[in-house]
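Take a look at the structure below.
Everything quoted here is computed from the prediction, not taken from an experiment. Each chain gets a letter, A, B and so on, in the order its sequence line appears, and its residues count up from 1.
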Number of protein chains: 2
Amino acid sequence: MINITLKQLRYFEALARHGHFGRAADACAISQPALSMQIKEMEEVLGAALIERGARQIRLTHFGEVAVERARDILRAADELGDLARASKERLVGRLRIGVIPTIAPYLLPKVVGDLSTRYPELDIHVRETVTPKLIQELRDGQLDTAIVALPISENWLAEIPLFEENFVLVRAAKEANAPLPSADSLREMRLLLLEEGHCFRDQALSFCNLQSAPPREVLDASSLSTLVQMVSAGMGVTLIPEMAVPVETRSASVAISRFQEPEPVRTIGMVWRQTSPLSGQLREISEIVRRSAGIDG
Amino acid sequence: MINITLKQLRYFEALARHGHFGRAADACAISQPALSMQIKEMEEVLGAALIERGARQIRLTHFGEVAVERARDILRAADELGDLARASKERLVGRLRIGVIPTIAPYLLPKVVGDLSTRYPELDIHVRETVTPKLIQELRDGQLDTAIVALPISENWLAEIPLFEENFVLVRAAKEANAPLPSADSLREMRLLLLEEGHCFRDQALSFCNLQSAPPREVLDASSLSTLVQMVSAGMGVTLIPEMAVPVETRSASVAISRFQEPEPVRTIGMVWRQTSPLSGQLREISEIVRRSAGIDG
DNA sequence: ATTTATCATAAGAAATAATTATCAAAGCGA
DNA sequence: TCGCTTTGATAATTATTTCTTATGATAAAT
């Protein structure tokens, strides 16, 4: 044999504890020769005597005494590996890396992270806020465990689970509050302010206006919904924002919020993760918590 | 299977390192299925997934990442056990418990301990000084590794190795320096001072005088050779001391030292240890050093 | 001197781990 | 979309290891 085994360490530890081959073998639920052989094997592998065999009693050699302490350390560490596994199975512990798109993150995360931390006190939540393509990439690379994005993603290696539907609302300057609600098509003729390239929400807004890509008239590309709303408030145009963003973003801006008539613009927010992820079960559980948090909030 | 094995940890570590079943198997010099099976087995035993199996690439689960660190710790500790064994084989290290009889210890130990420490810097020498029966008992109980005593001991479980011969000399008051040398028999008629009961040297001295047990005339039982010499110096009688004790004990006493004529009284000092001791080899080596130290000294 | 306790050894049986061959799934390229 | 390749899983067989039972050897105990 080339290497020492944990089994040998267990046998040796029992032998050291009992000071007797027969009783140690009993404790290990094996026969005495089996234990003798493994100890002998271990001594051969190590190239040093562990046991001083007297006729009537055995005694650990000096090295044996050192070795048994090491053996105990090793066995303890091996057992802890099992504990660790059990702990990581029963409830979600350790690091959970969530990616969220920027048009959701500021409005959803405060509550969700709070709820998750309450539910899973030992969970160490990391948040990554960026646009969908990057989230998907990072998910694929194993840098994220899950992401909250607008569905569908349509990557066959991803599991998708819808969380909630989210309407878009029109944001106009306060003085236009009583103006007639523009149709989707007529938005094309207005000065429509949008997020910069890369944000899915930009595409979704354009889509609602039946525009495939950039609008005909110039747009100012903002990097956040806050900026958009502030710009609207300054009279620079109109914009769309997700319903969820309304409470936060219109608090300190003199703007008018109007819902569209049917068919209202809407997007589905969902959670995605690698289908192969062993966290699938827990992620499904987490998705429930997120859904509930979002429901109360929005 | 009931328990995880070191082999599995090795395979798992290789898999974590290479991120690829085939290459990890190569590194372990086994076939890919063998590795797959062991990893699977390990996951079943732990009850948790270690590996997230993607089609094109594999990735450690969160638990897997924790586990591989533990695995590395465990494997390192196991390897160190081998190192430890090698280290403890090549040269004598750690604790060495030496027992020495009182009529030898003060004259032999200073030099011997110094020489041993020089020769084996990592040796932690413990000295026990007491009478032979206690030394033998402690040797038997494993409280001592070796003892330096007067031979023979004649216990069949002991290994005995003679170190040197030691003559006895007569100690008389200084004024008696020129008196004729008494015969062994005539010592019986003199006031012979001896060590207290239990010291082998007492018995050896009595034996030289052809006395089986206590002498006919009253003796004062001293507890050390120093005391004996001081008593002689004070004119209380005569005594015998080992030659080796002469330089130390007569330094500050006005006594006369006389060697006996042939046949001189003599005893053999030797080293003993349990025949079963795994230190036998090193103890033999040590006995050489002790012999040399004693030779230069005495 | 016999008995008892204790560990070592041997041979065959059981369990475990390895190999080779094959399969299935998914990425990749035309 | 159709092979083709890569990669890991599975199955059947073989090899190895480990265990058990039976027995031996030695020294302590009676």
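- B/Arg274 places a side-chain N or O within 3.5 Å of a backbone atom of B/Leu144 that can act as its donor or acceptor partner.
- Using a 4.5 Å heavy-atom cutoff, the side chains of A/Leu15 and A/Ile58 are in contact.
- If you run side-chain hydrogen bond (donor to acceptor under 3.5 Å, both in side chains) between A/Gln8 and each of A/Glu13, A/Glu41, A/Gln38, only A/Gln38 comes through.
- Remark on DNA chain C: of its neighbouring residues A/Trp157 and B/Ile30, the 5'-side contact belongs to B/Ile30, judged by nearest-heavy-atom nucleotide.
- Taking atom CD1 of residue A/Ile58 and atom P of nucleotide C/dT6, one finds them 11 Å apart after rounding to whole Å.
- Ranked by how close their nearest DNA chain D nucleotide is to the 5' end, B/Arg140 and A/Tyr11 are led by A/Tyr11.
- Of the charged side-chain nitrogens involved, at least one lies within less than 4.0 Å of a carboxylate oxygen, so that B/Arg291 and B/Glu288 count as a salt-bridged pair.
- Closest contact between the side chain of B/Lys40 and the listed nucleotides D/dT10, D/dA28, D/dG8 involves D/dT10.
- The distance between atom CG of B/Leu6 and atom C1' of D/dT17, rounded to the nearest whole Å, is 16 Å.
- Under 3.5 Å, the side chains of A/Arg267 and A/Thr103 contain a donor-acceptor pair of N or O atoms.
- For B/Gln8 and C/dA17, the CD to C1' distance is 11 Å, given to the nearest whole Å.
- Listed nucleotides: C/dA17, D/dG8, C/dC7. Nearest to the side chain of A/Phe21: C/dC7.
- Atom CZ in A/Arg53 sits about 15 Å away from atom C1' in D/dA25, given to the nearest Å.
- For the pair B/Ile51 CD1 and D/dA9 C1', the interatomic distance rounds to 14 Å; values are reported in whole Å.
- Taking only side-chain atoms of A/Ser31, from C-beta outward, the nucleotide of D/dG8, C/dC7, D/dT21 with the closest atom is D/dT21.
- Per the geometry, CD belonging to A/Gln275 stands 12 Å off C1' belonging to C/dA26, to the nearest Å.
- Among the nucleotides D/dT20, D/dA28, D/dT10, the one closest to the side chain of A/Ala34 is D/dT20.
- Taking side-chain N and O atoms only, A/Lys7 has no distance below 4.0 Å to OP1 or OP2 of D/dT17.
- Among the protein residues, A/Gln32 comes within range of the nucleic acid bases, having at least one heavy atom under 4.0 Å from a base atom.
- In this entry the distance linking CE of B/Met37 with P of D/dA12 reads 13 Å, nearest Å.
- Listed for the A/Glu165 side chain is no donor-acceptor partner under 3.5 Å among the backbone atoms of A/Val266.
- Residue B/Ser36 places at least one side-chain N or O under 4.0 Å from the OP1 or OP2 atom of D/dA9.
- Within the 4.0 Å cut-off from OP1 or OP2 of C/dC7, not a single side-chain nitrogen or oxygen of A/Gln57 is found.
- For A/Gln38, whose side chain is taken as the heavy atoms from C-beta onward, the closest listed nucleotide among D/dC19, D/dT21, D/dA9 is D/dC19.
- Rounded to whole angstrom, the span from the CZ atom of A/Phe12 across to the P atom of C/dC7 amounts to 14 Å.
- Looking at which nucleotide of DNA chain C each of B/Leu35 and A/Asn156 is closest to, the 5′-most match is held by B/Leu35.
- Side-chain nitrogen and oxygen atoms of A/His20 include at least one within less than 4.0 Å of the OP1 or OP2 phosphate oxygen of C/dC7.
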